[in-house]
Amino acid sequence: MSSSSGIQIPSRLPLLLTHEGVLLPGSTMRVSVDSARNMQLVKTRLLKGTSLKSTIIGVIPNTRDPEHDTDDLPSLHSIGTAGLAVQVVGSNWPKPHYTLLITGLCRFRVAQLLKEVPFPVAEVEQLDKLEQYTSPQDISEAAMPEGELGELSQRFYQAAVQLVGMLDISVPVVAKLRRLLDSLPRETLPDVLASMINTSNKEKLQVLDAVSLEERFKKTLPLLTRQIEGLKLLQKARKPRPDDDKRGLTIRKGAVFPGRQFSLDEDGDDEDGDDTALLERKVKGANMPEPALRVCLKELKRLKKMPQSMPEYALTRNYLDLMVELPWSKSTTDCLDIRSARVLLDNDHYAMEKLKRRVLEYLAVRQLKSNLKGPILCFVGPPGVGKTSVGRSIARTLGREFHRIALGGVCDQSDIRGHRRTYVGSMPGRIINGLKTVGVNNPVFLLDEVDKLGKSLQGDPAAALLEVLDPEQNHSFTDHYLNVAFDLSQVLFIATANTTATIPPALLDRMEVLQVQGYTQEEKVEIAHRHLIPHQLEQHGLTPQQLQIPQDTTLDIISKYTREAGVRSLERKIGAICRAVAVKVAEGHKVTKSEGTAPERAHEPGEGKQGGQTEEADRVSADMATPPEMPIVIDHIALKDILGSHMFEMEVSERLTLPGVAIGLAWTPLGGEIMFVEASRMEGEGQLTLTGQLGDVMKESAHLAISWLRSNAKTYQLTNMVGGLDLLEGTDIHLHFPAGAVTKDGPSAGVTMVTVLASLFSGRLVRSDVAMTGEITLRGLVLPVGGIKDKVLAAHRAGLKCVIIPKRNEKDLEEIPAKVRLELDFVAASNLDEVLNAAFDGGFPGISNPVNLPHITSKL
């Protein structure tokens, strides 16, 4: 390849015919090879060749339309480019083909075609010199063109410099192009720039055919001038932006020259260079803490060095996008006006005084101390009492963003902490995702149904919440996906639960528990007329002028069609009433529209007897479809027609017609309930049978009750079936708690069991208007129990008049509404004697002359 005259290409070259473009000296182009002639050239010459000479081929532009190409060799273009095959990649999809990466070396002229099969081979004549690319010399020392050629060369160079000056020099590919202009000889610039700027294949073919340097400058200079004018128009038509100039010029990648290689995308990809720069500006403007900023800059540096085809590129880009979008320092200003907050809370919710007072206390402390950490509250109460809606009202009162996270059924700790980025499909946890959604770092987060968290092989989410809900730790919460600390101390966390029994003690200890009790009937009536009825009227397209529900009707719905602690069933019943009225209103509108045509048809002449019958039928139909008078008032009769028969009846007094029945009070996650306890005895061997799905604690309470009564049988004159004082002698006792499908447990039914058994053995009836609750001991003491408010409200709903509670539970009566306290009689019992005296009409006296025990004096 070398001679005394300089570096020469082989005199015989295999020819590659291309449809896709024109290869110019000094440029690099990818060529797809799928024709049989070109495929044979690649297999025979490129894949089997072992010398550098075998990688040099001739590239001839194929001017024939590829749609009409045939097996015959087309007429060859006289000028081609000798190219160096840098890379060969084969593929079988969608059909067998090769992709070649070819670098142009110099021009040649086809002197003679030597053979056509299996691929064309021609004798060529080299037209360009290669020494100027491989001989390192200073451009100032090289012989500069003179005369007209020198003037063209200078003009071309100045135009190229002007073009590059119009682009953003901070983009790596533009900076590399600027260095190329200073380092390459002037003779090579026309081919290099013609391959980079926007030109058609026909224009590039004219540059290829320009063998003389002067003609080449003349062909390329108008193309360069056109590109400059296009950029000027683009800058005038659009608002200048840093990335507009770069997009105005499409620059081909990988301009490579023999002996000296120049890569335009060595320091970055020209397609996403601006995106990376924009991302870097966002990272620096996100106001992150120093540790997070260092991590982001490190990941950004790695991102710049990655090709986009790497799977890790997308993961790193998504990570940086998330870090930029997180509200590291963005927050909302709290509304600290206590008076307006009180008005807003009262308008949104009726009752719930304890919750409202806690919110107002937080606002008052925030006025005195601006950097107060967000409290962590837990609202515990039955469903339907408004725990979630109160959280939303708190956010609106404070002027903060609100985000709800449903935790029911979550059994993977990654839902809280996120996945590590090493896993496929990793994502941040719900806490970080919520912060990204709201866009501020001090929102109100509602952790709904925190008592229904699960546990699985993927970890315990309740344990993961320990860090989130700890005021001493959540200022540096670390999500597995972020792997940097995020400050959650300004977030106001509100958790909701139906019971605290299923919440782990460590998690419960971190939260301030506020009990949300069930509503009384009076409170439900107020809630219905303030909130539920207007909401349902709006939902069903009705107005107060069309439908009215009196308070008496609302009270009937509450007492006879619903029995719950909340108001969800009540809202559904009101919705059913609205739907029934909507049907009547819609039918009335239809009849009103058709009234104008009906009388005309009734008076048509020529109708006989059949016409008279038709008129009468129309009149009857019109009477049946007469529009109802407005407003439609729902009374007791209409209520029964719409909702059907009563679902609940006040049958307490009817059920207590036999000895051995008493009414107890139970607490459930749905609120308080009354519970009938039944007992019977029969001849047997002294066995005690317990039914009703009772837990171990209730079974022990039953044994306690029978043991206490056996020990005090003589005092209360209790006898078995044969008249003996041993209550179990020859007698079997069966104690049953109805609703056998419901599991029951707890110590609060102890006093009820004693009362039931005392009624059974004495043959006396328990008062029908009395309910009771309390734990017992072997000494006959009554111990305090929980859920007093819910139990008392259940007794009030059931129409009872007297409630027996432990003496030490008197303090809990303060939480009960005053109106309920006035309508009920409370008996605070400290021992079972007081319980029995209150449970039976006329009391339950013991022996009139009790045994006097001798006085014992201590000798110590």
Side-chain angles (χ1 to χ4, degrees), residues 327 330-363 366 374-408 410 430-431 433-452 465 468-469 488 490-498 511-519 523-524 526-528 530-536 538-539 565-572 574-575:
K330 297 178 183 178
S331 60
T332 55
T333 303
D334 288 346
C335 178
L336 302 178
D337 188 354
I338 296 180
R339 181 171 299 177
S340 62
R342 181 183 284 112
V343 172
L344 181 59
L345 289 174
D346 289 339
N347 290 338
D348 286 350
H349 295 277
Y350 182 76
M352 292 188 175
E353 299 301 329
K354 186 182 296 185
L355 271 62
K356 296 177 183 177
R357 184 169 62 249
R358 182 63 183 88
V359 175
L360 297 178
E361 290 171 355
Y362 173 74
L363 289 177
R366 279 283 284 111
I376 297 169
L377 309 177
C378 181
F379 298 160
V380 179
V385 296
K387 300 184 295 296
T388 302
S389 59
V390 165
R392 189 174 286 106
S393 294
I394 291 174
R396 189 163 59 252
T397 301
L398 296 175
R400 294 191 180 188
E401 297 291 334
F402 177 80
H403 185 72
R404 175 180 170 270
I405 300 176
L407 296 179
V410 173
R430 297 194 181 190
I431 304 296
N433 259 334
L435 290 169
K436 173 188 172 184
T437 302
V438 298
V440 292
N441 62 2
N442 63 339
V444 175
F445 267 14
L446 184 76
L447 305 178
D448 214 2
E449 310 293 353
V450 74
D451 59 326
K452 297 174 181 60
L465 279 175
V468 176
L469 300 182
L488 299 179
Q490 298 303 315
V491 179
L492 174 57
F493 287 102
I494 299 177
T496 66
N498 297 130
M511 299 185 291
E512 179 183 347
V513 178
L514 297 177
Q515 294 289 341
V516 184
Q517 308 295 345
Y519 298 115
E523 290 173 343
K524 289 183 179 180
E526 286 294 330
I527 292 171
R530 291 190 183 190
H531 302 286
L532 303 184
I533 294 178
H535 177 70
Q536 289 297 322
E538 181 183 356
Q539 291 294 316
V567 292
R568 282 181 180 162
S569 294
L570 174 60
E571 187 171 15
R572 284 192 287 267
I574 295 174

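Numbering of residues begins at 1 and proceeds along the displayed sequence. On a predicted model such as this, the values are computed, not experimentally measured, just so you know. Computed from heavy atoms alone, side chains included, the values below leave out hydrogens, waters and symmetry copies.
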Validation: residues 379-386 side-chain donor-acceptor distances under 3.5 Å, sequence neighbours left out:
none

Looking only at heavy atoms, the pair that brings Y519 and Y350 closest together is CE2-O, 4.2 Å

Separation between CG (L465) and CD1 (I431), nearest 0.5 Å, reads 6.5 Å

Stepwise side chain to side chain contact (heavy atoms under 4.5 Å, CB included) test for L398 and N442
CA-CA 11 Å; L398 296 175; N442 63 339; over 6 Å; no

Residues passing the salt bridge (Lys or Arg N to Asp or Glu O under 4.0 Å) test with R396, sequence neighbours excluded, are D348

By side-chain hydrogen bond (donor to acceptor under 3.5 Å, both in side chains), S569 pairs with (sequence neighbours left out) E564, R572

Here the ring pair (Phe, Tyr, Trp, His ring centres under 6.0 Å) pairs for residues 380-404, sequence neighbours left out, are H403-F445

The side-chain hydrogen bond (donor to acceptor under 3.5 Å, both in side chains) partners of R342 (sequence neighbours excluded) come to none

Taken in chain and number order and not counting sequence neighbours, the residues that satisfy salt bridge (Lys or Arg N to Asp or Glu O under 4.0 Å) with E449 are K452

Is there side-chain contact between L355 and L377, with at least one heavy-atom pair below 4.5 Å?
no

Interatomic distance, OG1@T496 vs CG@L514, rounded to 0.5 Å, equals 12.5 Å

Between the CG atom in L492 and the CG atom in L446, the distance rounded to the nearest 0.5 Å is 10.0 Å

Could you pull out every donor-acceptor pair under 3.5 Å between side chains of residues 356-363 and any protein atom, sequence neighbours left out?
from	atom 1	to	atom 2	distance (Å)
K356	NZ	D346	OD1	3.0
K356	NZ	H349	O	2.7
K356	NZ	A351	O	3.1
R358	NE	E512	OE1	3.1
R358	NE	E512	OE2	2.8
R358	NH2	E512	OE1	3.1
Y362	OH	R400	NH2	3.0

Interatomic distance, CG@D448 vs CG@D451, rounded to 0.5 Å, equals 9.5 Å

The side-chain hydrogen bond (donor to acceptor under 3.5 Å, both in side chains) partners of E526 (sequence neighbours excluded) come to R530

Residue pairs meeting salt bridge (charged side-chain N to carboxylate O under 4.0 Å, His left out), one or both in residues 385-395, sequence neighbours left out, come to none

Taken in chain and number order and not counting sequence neighbours, the residues that satisfy side-chain hydrogen bond (donor to acceptor under 3.5 Å, both in side chains) with E401 are none

Hits for ring-ring contact (aromatic ring centres under 6.0 Å, His included) against H531, two or more places apart or cross-chain, chain-then-number order -> none

Here the gap from L570 atom CG to I527 atom CD1, rounded to the nearest 0.5 Å, amounts to 8.5 Å

